[in-house]
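Naming: A, B, ... by sequence-line order, numbering from 1 per chain.
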Amino acid sequence: MFDLSTLNPPQREAVSHTEGPLLVLAGAGSGKTRVITCRIGHLLDKGVPAENILAVTFTNKAAGEMKERVRELVGRQRCKGMVISTFHSLGVKILRRDIERLGFKKNFSIYTTSDQLGLIRQALREANIDGKKHDAESMLWKISGWKNRLLRPEQVVPRYQDEDELLACGLYPRYQSALKACNAIDFDDIIMLTVALLQEQPEVLDHWQERFRYIMVDEYQDTNSSQYLFISLLARKYRNLCVVGDDDQSIYGWRGADVGNILDFEKEYPGCRVVKLEQNYRSTGMILEAANQVIRNNRTRKEKRLWTDAGDGRPIDLVVALDDEEEATAVVERLEMERYRHNLSYGDFAILYRTNSQSRAFEEQLRFESIPYVLIGGMQFYERKEVKDALCYLKVIDNPLDEQALLRVVNFPRRGIGDGTMVKLNQWSLANDCPLLEAFGRVAEIDGITEPTREKVLAFHRLISGAAAEFRQRGELAGRVKALFDRLGIEDELYRTIEEPAIARRKVENVEQIINSMASFEERIPGATLSGFLEKVSLMDEDRFSGKDKKEHGRDAVTLMSLHASKGLEFPYVFLVGLEEELLPHRKSLDEGVSLDEERRLCYVGITRARQHLTISRCVHRKKYGKLQEREPSRFLAEIPERLLQLHDGTAKKTVSAEEQEKLAGDFFARMRAMLE
DNA sequence: GTAGTGCAACTTTTT
DNA sequence: GTTGCACTAC
């Protein structure tokens, strides 16, 4: 049985109010996740079946964290059937069951940004529009914005003075039909189509309403209008909806998130219970004070003040470094020093930054010092060319209509099907309204292709359809994929085309890594399918916490991630780096002048991740596009009262003689000793 | 059809 | 400093 007495009064109220709508306004570190996990425990104790419980988060990381905490609380057995996932994973789950009602096949692909760009560029070419002036990315951005507001192509009313918008409006229907032809949907469609399905198909809606009778949404301040409607639909029948959020932590305005959703919750659900959590259990007094002082500069917000009865703690360390490399060196040094001093493990530390590109300097430094680290987000692995190419074979096999994947794979490894042939195949497939891959099989009907090329085209077609047939048979995946890759000669091709053997070796290892992660996927999920694996990859859901506990799973390592990714998490020791104008706040927000408050909230999120100690750093110079630039300290830095800060000016190192510097640089421990004094 | 060279643009943030 | 692309020469 679950013990409510360990909670404070408002937390207890939130946990025990299980029937009817509930709004929890929870400041940073006020035990928000705890409330949700305890609420789940309480629901189970009350006899609610696990499969009636749904908890939705924004990031995979947050979902994984929550799964783990629920599991710790109630045990794995009682979690069976419960759904804790991101909006997108939930959407895909719903779509996999019934998407045929919307005219897609069940084995639809999920298109990521690069696939989307490919389609847009193709549409631009087909419409004979010069791709330079109107770049595909801004088109995509506009279309994505419309989708987030649930506007279908025919519903869009463009602003007529905006040339780009007019063009994007013309492109939108073409883009949608191209997706459909590929039996593919993009990230925005996941939500948009799910909403359409729930709205248009009463039986489908009813099925999921019955399934999820108790719904919880974390970080509700970050929902955009499509996500908002998605949840509203699911909750409409039983109205057991609990949303948790904090307007000060709204950091997805750029993706169409609307803080209004949380502020208007009371209007939407009259008579709903509202609970405020203002006591902070996470951070020390000094950290909390700094956070309060920064966030109070935002004008439009619900006034609240977090408090703690924990002690003041240590002041915040402010490190000023000469450049980005020195920043990384200084941060890693201080990290090691804190670790020795307080007998901590690497897992107690996180390095947080505004842009993913900042991670690099820190990675290099950590690797140099042989300190284990995990990099969250950035998607580096699956973005690599060789990984993508190999994966695209699997995609084509899984969904033969997936043209973007087909295009990538046609001539890798080289098989003599070049641009000329592809143009002919493509034209023929358009003219005859037949899928591109089918055109390969019917190459005999197409004019203007020479006999040897025809043979190659047919061979490719046989290869793909043969593999597709093979993989339609259920059964073990990893071994068959390995055999397929061998047959394709992917490794040989890599060794042949890349001069540097070390690089080739690395790439081959990356391809092998796909097979490894597939094997462990199969191990975890009985009856795993190729679609299931590709889905996880597309949703970037690495399923970190499925089965094994933290100790077994992750080694003890420093966490590196963006501020956005860090939301909802906490660490004993936090390094918040790059506190400079044009970085945090980011240049983009300064230019556009609208979202400065959001940048400040981002800074607030960063500060409030820290439990025991916070270190902030900035540089005087920073390399940008390979050029050294001067940097101003962030305005947010000036908002933190000086009494909370302890300055460590690394630029003073300049005065140390070159010889001495050399000596110190050579001896890491000497530097550490110097610092400890 | 392929391979090599040069240029441009790029860096918010997530699914 | 990198990566993707467009163009040109085999």
Under-4.0 Å salt bridge between [X] and [Y]:
X: R360(A); Y: E364(A); answer: yes
X: D597(A); Y: R600(A); answer: yes
X: K623(A); Y: D323(A); answer: no

Compare every heavy atom of L614(A) with every heavy atom of A610(A), then report the nearest pair and how far apart it is.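 Where A610(A) meets L614(A) most closely, the heavy atoms are CB-CB, 4.1 Å.
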Taking all heavy atoms of F636(A) and all of V294(A), pick out the closest pair and write down the distance.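 Shortest heavy-atom separation between F636(A) and V294(A) comes out as O-CG2, 3.9 Å.
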[options]: which one has an atom nearest the side-chain heavy atoms of [X]?
X: F187(A); options: dT14(B), dT11(B), dT15(B); answer: dT15(B)
X: H586(A); options: dT14(B), dT11(B), dT15(B); answer: dT11(B)
X: R360(A); options: dT2(C), dT14(B), dT15(B); answer: dT2(C)
X: H564(A); options: dT11(B), dT15(B), dT14(B); answer: dT14(B)

Do the side-chain N or O atoms of N356(A) get closer than 4.0 angstrom to the phosphate oxygens (OP1, OP2) of dT14(B)?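 So the side-chain polar atoms of N356(A) do come within 4.0 Å of the phosphate oxygens OP1 or OP2 of dT14(B), strictly under.
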Establish, with yes or no, whether the OP1 or OP2 oxygen of dT14(B) is under 4.0 angstrom from a side-chain nitrogen or oxygen of S562(A).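 It does, given that an N or O in the side chain of S562(A) lies less than 4.0 Å from OP1 or OP2 of dT14(B).
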What stems, by residue range, does DNA chain C take part in, given at least 3 consecutive Watson-Crick or G-U pairs under 3.5 Å?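 Listed by first number, the stems are B:1-10 with C:1-10.
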With a sphere of 6.0 Å drawn around CD of E581(A), does it hold more than 12 non-hydrogen atoms of other residues, nucleotides or ligands?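 Buried by this count: over 12 neighbours within 6.0 Å.
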Within 45° cone and under 6.0 Å: R96(A) NZ/CZ vs F108(A) ring: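 Judged by the rule, R96(A) and F108(A) form a cation-pi pair.
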Look for any protein N or O under 3.5 Å of an N or O in nucleotides 3-5 of chain C and output each such pair with its distance, or none.
residue: dC5(C); atom: OP1; partner: R121(A); partner atom: NH2; Å: 3.3

Mark this stacking check for W254(A) against dT13(B) as yes or no, applying ring centres under 5.5 Å and ring planes under 30°.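 Check passed, W254(A) stacks on base of dT13(B).
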